[in-house]
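For reference, the structure discussed in these notes is given below.
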Amino acid sequence: MAMIETREFGGTCALRGCNPKKVYVNAGALIDRVRRSEGKLVVGSDGVKIDWGKLLQFKREFTEPVLEKTEKSYQSSGIQTFQGTPSFESPTSIVVGSERIAGEKFIVATGATPVPIDIPGAEHITTSDDFLELSELPERVVFIGGGYISMEFAHVAARCGKHVTIVERNERVLSGFDPDLIDLLTQYSKKRGIHFRLGASPASIAIASGEGDGRRYRLEMDDGPDIDAGLIVHGAGRVPNITGLGLSKAGIEFNDQGILVDEGFQSVSNENVYAAGDCAATGKPRLTPTANEEARIVVENLLESGGDQRADYGAIPKVAFTTPAIAAVGMSEEEARESHDVDVRADDMSSWGSVRKTGDAVAGYKILVDRENDQVLGAHLLGPSAEETINLFALAMKFGLTATNIKSTLFAFPTSAADVRSML
């Protein structure tokens, strides 16, 4: 058995994604809560700040052990390890560096990579990977694209007192989340120092002045005034990381959504190959829990069950860890109205006691309930603890609990979860 890694052993989530990102998000959220609690819960919050260099060192307490242990754990289990960019040579062999590796079965789990931004000067754009390794932030930071990466890191950078701008070609950021809640979040983000250029795209990037870490850039916009920045961060989305794998040489069919697989994650055109996670065209959200479930099924199909296992996704919750977080599970309002008689239960929760007790935050919800059978079709949350509360709806939807079932449940009080009964 062999493992090939194009970068450091450990994977995106542990080294460059979810886990280290949450360290930064926690820092921004802590600063935010202290500051908006000034004169209510605390005093003297003006002296509280983020030391970016120390934050980087703390983040490394989580990533460095992974780097040190992962490859060794493979080797101690009898798995050969290789580093380099692999490419299929035939349906049953791969080349990595000077090594040719033959095998009976292959699992492709190469994840996703930033979508190319094809404009002059794109080489000056920093990826989220590099953002997580910066020892300091310049005064002006621009994020291209308004997805998860941009919105999450923008909230952290703004809490550091930096001038932050998000450039998004659409009229809203965070497509895929409820538009009404996004509007609430956007207005709140503006109050917290984040600037938005919506319906706009950069035409090119030029060096304005300086050298090295002191270099300054100018985003020349396709419409409206140009934007100056000391750092430009890629947040324009990610695509399956399958370019250069030589899939055609192995007879592996793929499209722009990834490798084409059946419900057991076996390639539809090469029975020796399986694919899971962000590089597989499953139509499911590209999230860590999704990839974990798919990996579990691939292993069972390869080693235990004879190939008949299927993923049990249930309702897959998603969260953007902005400050506060926005979360969703199930159908959007638009999707629900197309196929159901929907009871839309929604409100701005910013004035609710549970929210005001945290200081001065923004919050809202939208719950979609089928009028005929009382099933929850979708749940959309914004506000303190939204990232945790959404899991209650995911659990209820997976096991068919009705809105009445949920509302009749006694939750510990006072908690954010207890607000669910009021939402329903």
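All of these numbers come straight from a predicted model, not from anything done at the bench.
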query: Counting only heavy atoms not in Lys398, do more than 12 fall under 6.0 Å of its NZ?
result: yes

Ile31 and Val48, any side-chain heavy atoms less than 4.5 Å apart:
yes

When rounded to the nearest 0.5 Å, the distance separating CD1 of Ile107 from CD of Gln266 is 11.5 Å

Check this for me, if you would: do Lys162 and Glu136 make a salt bridge, where the nitrogen-to-carboxylate-oxygen distance has to be below 4.0 angstrom? no

Review point. Do the rings of Phe106 and Phe88 sit parallel, tilted or perpendicular, given the 30° and 60° boundaries?
Key: perpendicular

Return yes when atom NZ of Lys249 has more than 12 non-hydrogen atoms of other residues, nucleotides or ligands closer than 6.0 Å, and no otherwise. no

A side-chain contact here means heavy atoms from C-beta on lying under 4.5 Å apart; do Leu245 and Pro86 qualify?
yes

Test salt bridge (charged side-chain N to carboxylate O under 4.0 Å, His left out), reference Asp228, set Arg218, Arg215, Arg140, output is Arg218

Review point. Does the pair Glu8 and Arg16 meet the rule for a side chain to side chain contact (heavy atoms under 4.5 Å, CB included), with working shown?
Key: CA-CA 10 Å; Glu8 310 94 336; Arg16 300 174 292 275; 2.8 Å; yes

In this structure, CG of Leu287 is separated from OH of Tyr313 (nearest 0.5 Å) by 11.0 Å

Might you work through the side chain to side chain contact (heavy atoms under 4.5 Å, CB included) test for Ile144 and Leu219, ending with a clear yes or no? CA-CA 10 Å; Ile144 298 179; Leu219 280 80; 4.3 Å; yes

| query | Are Ser150 and Val233 side-chain neighbours, meaning at least one heavy-atom pair lies under 4.5 Å? | reply | no

>> Just checking Gln57: does its CD atom have more than 12 heavy atoms from other residues, nucleotides or ligands closer to it than 6.0 angstrom?
In response: yes

Open item on the list: Looking at Arg238 and Asp278, is there a salt bridge between them, counting it only when a charged N and a carboxylate O are closer than 4.0 Å?
Closed with: no

Value for CZ (Phe254) from CG (Leu247), rounded to nearest 0.5 Å, stands at 5.5 Å

Distance-only donor-acceptor check, side chains Arg36 and Thr358, under 3.5 Å: yes

message: Can you confirm whether more than 12 heavy atoms, excluding those of Arg169, are under 6.0 Å from its CZ atom?
response: no

Exactly one of Glu293, Glu294, Glu300, Glu263 clears salt bridge (charged side-chain N to carboxylate O under 4.0 Å, His left out) with Arg310, and that residue is Glu263

In terms of heavy-atom contacts, Ile367 and Tyr365 come closest through CG1-CD1, 3.8 Å

Rounding to 0.5 Å, atoms CD (Glu168) and CZ (Phe196) come to a distance of 10.0 Å

For this session: Would you mind reporting whether Thr186 and Arg172 have side-chain heavy atoms less than 4.5 Å apart?
Result: no

Hey, is CD on Gln75 packed in by over 12 heavy atoms from elsewhere, all under 6.0 Å? yes

Next on the checklist: Counting the benzene-type ring for Trp, do Tyr74 and Phe82 have ring centres under 6.0 Å apart?
Outcome noted: no

Here the gap from Asp419 atom CG to Thr389 atom OG1, rounded to the nearest 0.5 Å, amounts to 7.5 Å

message = What verdict does the side chain to side chain contact (heavy atoms under 4.5 Å, CB included) test give for Tyr148 and Lys318, after you've listed the backbone C-alpha separation in whole Å, the side-chain angles of each residue and the deciding distance to 0.1 Å?
response = CA-CA 10 Å; Tyr148 287 75; Lys318 58 184 178 182; 3.6 Å; yes

Scanning both residues in full, the closest heavy-atom pair of Pro384 with Ala363 reads CD-CB, 4.3 Å

What one should report as the nearest heavy-atom pair of Ala325 and Val319 is CB-CG1, 4.1 Å

Exactly one candidate in Asn373, Asp370, Leu368, Val369 meets side chain to side chain contact (heavy atoms under 4.5 Å, CB included) with His340; the answer is Asp370

Closest non-hydrogen atoms of Ala109 and Cys279, given as atom of the first, atom of the second and distance, are CA-SG, 3.9 Å

OG (Ser354) and CE (Met349) are apart, to the nearest 0.5 Å, by 5.0 Å

On a heavy-atom basis, the closest approach of Ile390 and Ala327 is CB-CB, 3.7 Å

#### Entry: Exercise: do Thr127 and Asp129 side chains pair donor with acceptor under 3.5 Å
no

Note: Ser45 and Glu38 closest approach over all heavy atoms is OG-OE1, 2.8 Å

request  = Taking the six-membered ring for Trp and the full ring for Phe, Tyr or His, determine whether the centres of Phe131 and Phe153 are under 6.0 Å apart.
outcome  = yes

